[in-house]
Every structure is written in structure tokens, then in C-alpha cells.
Number of protein chains: 2
Amino acid sequence: MPHQAVVPITAEGLKTACSQCNLQELCLPFGMSDGDIDQLDGLVGGRRKVKRHQHLYRVGDTFEAIFAVRTGSFKTDVLLEDGREQVTGFQMSGEIIGLDGISTDAHTCNAVALEDSDVCIIPFANLETLSREVESLQHQFHKVMSREIVRDHGVMMLLGSMRAEERLAAFLINMSQRFTARGFSAAEFHLRMTREEIGSYLGLKLETVSRAFSRFQENGLIKVQQKHIRIVNIGGLKALLSHLPSV
Amino acid sequence: MPHQAVVPITAEGLKTACSQCNLQELCLPFGMSDGDIDQLDGLVGGRRKVKRHQHLYRVGDTFEAIFAVRTGSFKTDVLLEDGREQVTGFQMSGEIIGLDGISTDAHTCNAVALEDSDVCIIPFANLETLSREVESLQHQFHKVMSREIVRDHGVMMLLGSMRAEERLAAFLINMSQRFTARGFSAAEFHLRMTREEIGSYLGLKLETVSRAFSRFQENGLIKVQQKHIRIVNIGGLKALLSHLPSV
DNA sequence: CAAGCGGGTTGACGTGGATCAAACGCCCCA
DNA sequence: TGGGGCGTTTGATCCACGTCAACCCGCTTG
């Protein structure tokens with residue numbers, strides 16, 4: 001296995017992993033009462049650091065745990081035999097990675113760190129056991145999975161029915177919302193992924209992504225400097241999605 | 001609510017809904033032991049008939065239950081404000097519909113019968129309660145959700161990275177496999193959806209779907225007569241996917 | 001400080017699939 | 001039995017995005 005070693009953590013530290021974590025509002029325990037969260041001792045089996053460009057898991061790895069992003073960010077992708085890549089998602093702090101592995105006990109996509117990151121390891125056996133005891137955990141976990149399905153439907157909509165600029169506008173609005181939820185600026189942020197990765201996610205070539213960025217800038221919607229994005233006219237971006245005249 | 005009335009069923013009939021059902025191998029209980037399946041009394045809350053072109057549920061309907069297709073088939077779709085439709089999936093007997101509703105307690109897509117159909121109603125509260133008691137049910141349900149996520153990733157691959165003929169070949173192979181699993185011919189089947197619905201699912205216009213069908217026929221891969229499809233050269237179809245020279 | 005390189009931008013051109021349009025065939029129903 | 005309409009097929013044309021190519025910029029490394 002090409003995996004890095006699990007970061008050793010004291011049993012004491014992990015006992016309070018969730019109850020002490022400031023990502024509660026974004027992560028699995030979202031919506032659970034403090035009392036219920038206190039029951040999650042032992043849910044997290046460890047932590048793991050993953051360096052930029054390293055894999056958290058690969059297609060075919062046996063599935064044992066899901067992961068909660070603590071810091072950093074990831075992409076997940078699937079490959080075709082001839083090498084074509086499809087990025088299926090980008091994950092930020094508090095988000096859960098690895099749900100794809102449950103169905104066959106083996107991972108069906110790759111998860112790669114976009115920057116130096118670390119994750120909580122949630123052994124799936126722990127999660128299922130605790131879920132049978134803590135009703136709210138069970139329900140939250142089901143919501144997390146369902147949310148992933150709903151998100152995937154949104155991506156299908158995007159890939160199947162939108163044109164290039166609509167796709168990129170949807171992407172930027174989505175990123176903005178997720179940064180906001182994490183206490184960062186809604187208008188100014190740093191993308192961790194390349195134009196090629198954005199393109200793969202959106203079903204476009206990197207040149208098309210680059211051109212759409214430039215067009216948005218010409219139209220005064222955003223300011224682009226490489227990976228640094230400033231949204232100048234969020235209404236204009238949203239109007240692109242609803243096919244309304246831009247404000 | 002525009003829903004049809006639930007078909008009244010005797011309590012006795014439902015007590016054995018799953019243990020007596022011949023769809024076990026395809027449905028939620030797949031992989032569970034007979035003993036465990038016997039514990040599923042009360043899981044199914046009722047049955048419902050849905051006529052062709054009628055909705056099983058709509059975007060915004062409150063979520064109370066998931067559904068298992070007993071007979072017939074469905075499509076699920078999402079709409080953009082301007083009316084563009086994206087079909088997110090086609091469901092056949094034994095498959096589960098409605099998982100999208102868990103995340104927000106309201107459905108986020110529409111489910112429409114492609115032909116006269118009927119479904120088992122599985123109240124979600126029942127499912128969560130029983131899942132806490134029957135470990136194998138819990139695990140199977142998690143697998144069903146995960147399988148849906150993996151399927152969605154496949155659709156993203158298709159929409160984001162494949163060309164028209166590859167998409168249609170993938171679609172036909174997938175249909176063939178699902179008919180086979182249900183004891184029907186792998187080579188000859190009747191599509192219940194229109195060219196437009198196939199196109200929406202595959203991110204193509206109906207004319208493009210039609211032309212691709214014609215091309216496949218010219219090349220001796222299939223025989224098409226409206227909705228009736230006969231696969232003549234399955235290897236050739238698969239070769240289209242792997243970018244290999246067709247056999 | 002120069003060279004090398006990965007990522008990004010921009011331009012010129014090509015093409016796969018969309019669009020527009022016409023006609024066909026199956027099926028329902030009077 | 002004979003319309004009428006939806007779903008499908010097919011042709012002609014168009015255009016959004018892909019492809020190919022040149023160049024730029026900021027970083028890293030020797």
C-alpha cells in the first residue's frame with residue numbers, strides 16, 4: 001500500500017475528537033446535540049496527514065474507513081482505460097470522503113490532496129456500530145450520503161444541460177458559498193486546483209475554462225490573477241445561471 | 001398533494017412483503033440471510049400503483065419514504081428555471097427511488113413512471129428503526145446509497161469525458177446488463193423511454209441519439225426498430241468504450 | 001543569474017453535435 | 001377504415017467548444 005503512516009494520536013486525544021472539534025457545524029455531527037456528540041468517543045480511529053499531490057486512497061484499495069477533511073482540500077476522480085480523467089468532486093474541511101467504497105468494500109475512485117492536508121479516519125465499522133446506538137448519528141450519516149447524491153445530481157445537470165459559462169458561474173458561486181460557510185470571504189478566495197482540474201470537473205478543456213475566466217473579467221464579473229479570484233458582481237454571475245439579463 | 005391513493009393491503013400481506021418477494025436478489029434485502037429477511041416485517045408500509053407519465057413524487061414534496069420498484073420503471077429528473085430538463089436516472093424493478101429526499105426532508109427531483117408501475121412504500125422512519133436492530137439491513141442500506149453514488153460518478157464520467165457514440169454504447173450496455181439481471185434477454189429489449197429522455201440523460205439532443213442509433217445499425221452493432229433494440233455485436237459496442245478497434 | 005518548467009493565456013482554425021426543417025411511420029381513436 | 005399526432009428519422013447548416021500552437025509568467029534549482 002502506498003499509504004502514508006497514520007499519525008499516532010493519544011487515545012485521550014481521540015476520545016474527544018468530535019466534541020472538541022471546531023468543524024462540528026460542517027462535518028458529520030452537524031445538527032447533533034452536544035449530549036449526542038459526547039457519545040461519539042471512539043468514532044474517530046486516527047488522523048492522517050496527506051501531502052500535496054499524494055493519494056488518500058486509490059481505485060481498488062480496500063475500503064475500511066471514511067475520512068473527514070480537517071485541513072486542506074482534495075479532489076476525487078475516476079479514470080477511463082485510455083487515461084481520460086473525470087474529476088467527480090472537490091472536498092474542503094468538514095466534508096466527508098470515501099463513501100464510494102461502501103458499495104463494494106473497495107474504493108471506486110481516487111482521492112488526491114490538492115494541498116498539504118489532514119483528515120480524521122472514521123473506521124466504517126465504528127460508524128455502523130455507533131449508528132445503531134446513537135439515533136442522531138445514524139440520521140446525520142444518512143443525510144450526509146443523501147446530500148452527496150443530491151450534489152451529484154447537480155453536477156449531472158451542469159454537465160448535461162449547461163453551456164461553458166453557465167458551468168463556470170455555477171462553480172464559482174458554489175466555491176464562494178463553501179468558503180463563506182467556513183468563515184472565509186465570499187468574494188475573494190484562492191482556488192487550490194488547476195484550470196485542467198476545473199475543466200475536468202466541468203466537462204471542459206482547460207483553454208475553455210481560461211477563456212471563460214477572461215470573459216468574466218472583461219465583463220466586470222470577477223477579477224482573476226492566476227488562482228486568486230475576486231468576485232466583483234455576484235448578481236451578474238447568478239444571472240448567467242438563470243438566463244436573466246445580467247444586472 | 002397530487003399523489004394517488006395508497007393501495008390498501010392487508011396487514012398480513014405486508015408482514016411478509018420482503019420474505020415472500022421474488023425481487024429479493026435485486027432489492028434492498030440483497031445479500032441478507034433468510035433469517036434476517038424474516039425480521040423485515042413492517043418495513044414495507046404499503047404499495048402504490050403509478051400510471052404511465054404520472055409522478056411518484058415531485059420536487060418539494062415532503063420526504064417520508066423511499067420506494068422500491070416492484071413492476072414497471074421510472075425516470076428521475078431535475079429542472080432548471082428556464083425549463084431545461086436533466087434526467088438523472090432510469091429505475092427498474094428492485095431498484096430504490098427517493099434517496100435524494102433524506103438530505104433535506106424534501107424531494108429534490110421528480111420521479112415519473114415510464115409505464116404503468118407499482119412500488120413498495122418503505123417509510124423512512126421504519127427503515128431507520130429496523131436498521132438499528134438488524135445489522136445486515138443497516139449495512140445493505142448503506143450499500144444501496146453508496147452504489148447510487150458510484151453510479152452517479154459513472155454518469156459524470158459519461159457526461160464529462162465521453163463523446164456521443166461512447167455515451168450511447170455505455171447506455172445500451174448498461175441496459176443490457178440490467179435486463180439480464182432481471183432474467184430478460186441481454187440482446188433484445190424494449191426501451192421504455194423516448195429518444196428525448198435518453199438524450200437528456202446522456203447530455204445529447206434527441207436527433208443526436210437517433211443518428212447514433214442509426215450509425216450503430218449501419219455498422220452492424222445493433223438492430224433498431226423504434227423502441228425495440230437488438231444487440232447484434234456486443235463486443236463491438238464495448239470496443240467503442242475502450243477505444244479499441246471494433247472486432 | 002540563467003535555465004527549465006509547470007501552469008496559464010491567447011490566437012487561429014477545425015469539428016462534433018446543436019439547430020432548424022421536413023417528412024415518415026406507428027398507434028390511438030373516431 | 002381513415003385521420004391526427006406524437007415520436008422518430010434524416011438532411012442541411014451553424015456554432016460552441018476542442019485542438020493545435022505560440023507565448024508568457026512566476027518558481028524552482030543549479
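A, B, ... follow the sequence lines: proteins, then strands. Residue 1 opens every chain.
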Could you list all N or O pairs between the protein and nucleotides 11-15 of chain D that sit under 3.5 Å apart?
| from | atom 1 | to | atom 2 | distance (Å) |
| --- | --- | --- | --- | --- |
| D/dG11 | N7 | B/Arg211 | NH1 | 2.8 |
| D/dG11 | O6 | B/Arg211 | NH2 | 3.0 |
| D/dA12 | N6 | B/Arg211 | NH2 | 3.3 |

Spacing between [X] atom [atom1] and [N] atom [atom2], to the nearest angstrom:
X	N	atom1	atom2	value
B/Ile198	D/dT8	CD1	C1'	11 Å
A/Gln225	D/dG26	CD	C1'	12 Å
B/Arg195	D/dG7	CZ	C1'	9 Å
A/Leu202	D/dG18	CG	C1'	15 Å
B/Met193	D/dT8	CE	C1'	16 Å
A/Arg52	D/dC27	CZ	P	13 Å
A/Gln226	D/dC25	CD	P	10 Å
A/Leu206	D/dA21	CG	P	15 Å

Task: Residues from residues 155-162 of chain B lying under 4.0 Å of DNA chain C - heavy atoms - done: none

Task: Whichever of B/Val224 and A/Lys205 has its nearest DNA chain D nucleotide further upstream toward 5' - done: B/Val224

Please identify each residue that fulfils salt bridge (Lys or Arg N to Asp or Glu O under 4.0 Å) with [X], with sequence neighbours left out.
X	answer
B/Asp152	none
A/Arg70	A/Asp118
B/Glu196	none
A/Glu115	A/Arg192

Within the structure shown, what part of the strands sits under 4.0 Å from [X] by heavy-atom distance: base, sugar-phosphate, or nothing?
X	answer
B/Gly203	sugar-phosphate
B/Leu204	sugar-phosphate
B/Ser210	base

TODO: Could you tell me whether a side-chain N or O of B/Asp77 sits under 3.5 Å from a main-chain N or O of B/Gln86, the two making a donor and an acceptor?
DONE: no

Task: Backbone N/O of B/Val112 and side chain of B/Asn110: donor-acceptor pair under 3.5 Å - done: no

Which atom pairs, one a donor and one an acceptor, fall under 3.5 Å between side chains of residues 170-177 of chain B and the rest of the protein, sequence neighbours left out?
| from | atom 1 | to | atom 2 | distance (Å) |
| --- | --- | --- | --- | --- |
| B/Asn174 | OD1 | B/Arg178 | NH1 | 3.0 |
| B/Ser176 | OG | B/Ala186 | O | 2.7 |

Open item on the list: Can you identify which nucleotide, out of D/dG18, D/dA16, D/dT8, has its nearest atom closest to the A/Arg163 side chain?
Closed with: D/dA16

Task: Bend angle of the helix from C/dC1-D/dG30 to C/dA30-D/dT1, end axes from five pairs each (to 10°) - done: 40°

Evaluate the side-chain proximity of [Y] to [X]: yes if any heavy-atom separation is below 4.5 Å, no if none is.
X	Y	value
B/His107	B/His55	no
A/Leu99	A/Ile66	yes
B/Thr76	B/Tyr57	yes

Using a 3.5 Å cut-off and no angle test, enumerate the donor-acceptor pairs between side-chain atoms of residues 199-213 of chain A and protein atoms at least two apart in sequence or in another chain.
| from | atom 1 | to | atom 2 | distance (Å) |
| --- | --- | --- | --- | --- |
| A/Ser200 | OG | A/Glu85 | O | 3.1 |
| A/Ser200 | OG | A/Val87 | N | 2.8 |
| A/Tyr201 | OH | A/Arg151 | NH1 | 3.4 |

Task: Rounded distance (nearest 0.5 Å) linking atom CG of A/Leu79 with atom CE of B/Met157 - done: 7.5 Å

Open item on the list: Please enumerate all residues that pass side-chain hydrogen bond (donor to acceptor under 3.5 Å, both in side chains) together with A/Arg147, with sequence neighbours excluded.
Closed with: none

Task: side-chain hydrogen bond (donor to acceptor under 3.5 Å, both in side chains) partners of A/Ser93, counting only residues at least two apart - done: A/Arg182

Task: Along DNA chain C, first and last positions that approach a heavy atom of chain A under 4.0 Å - done: C/dG7 to C/dA12

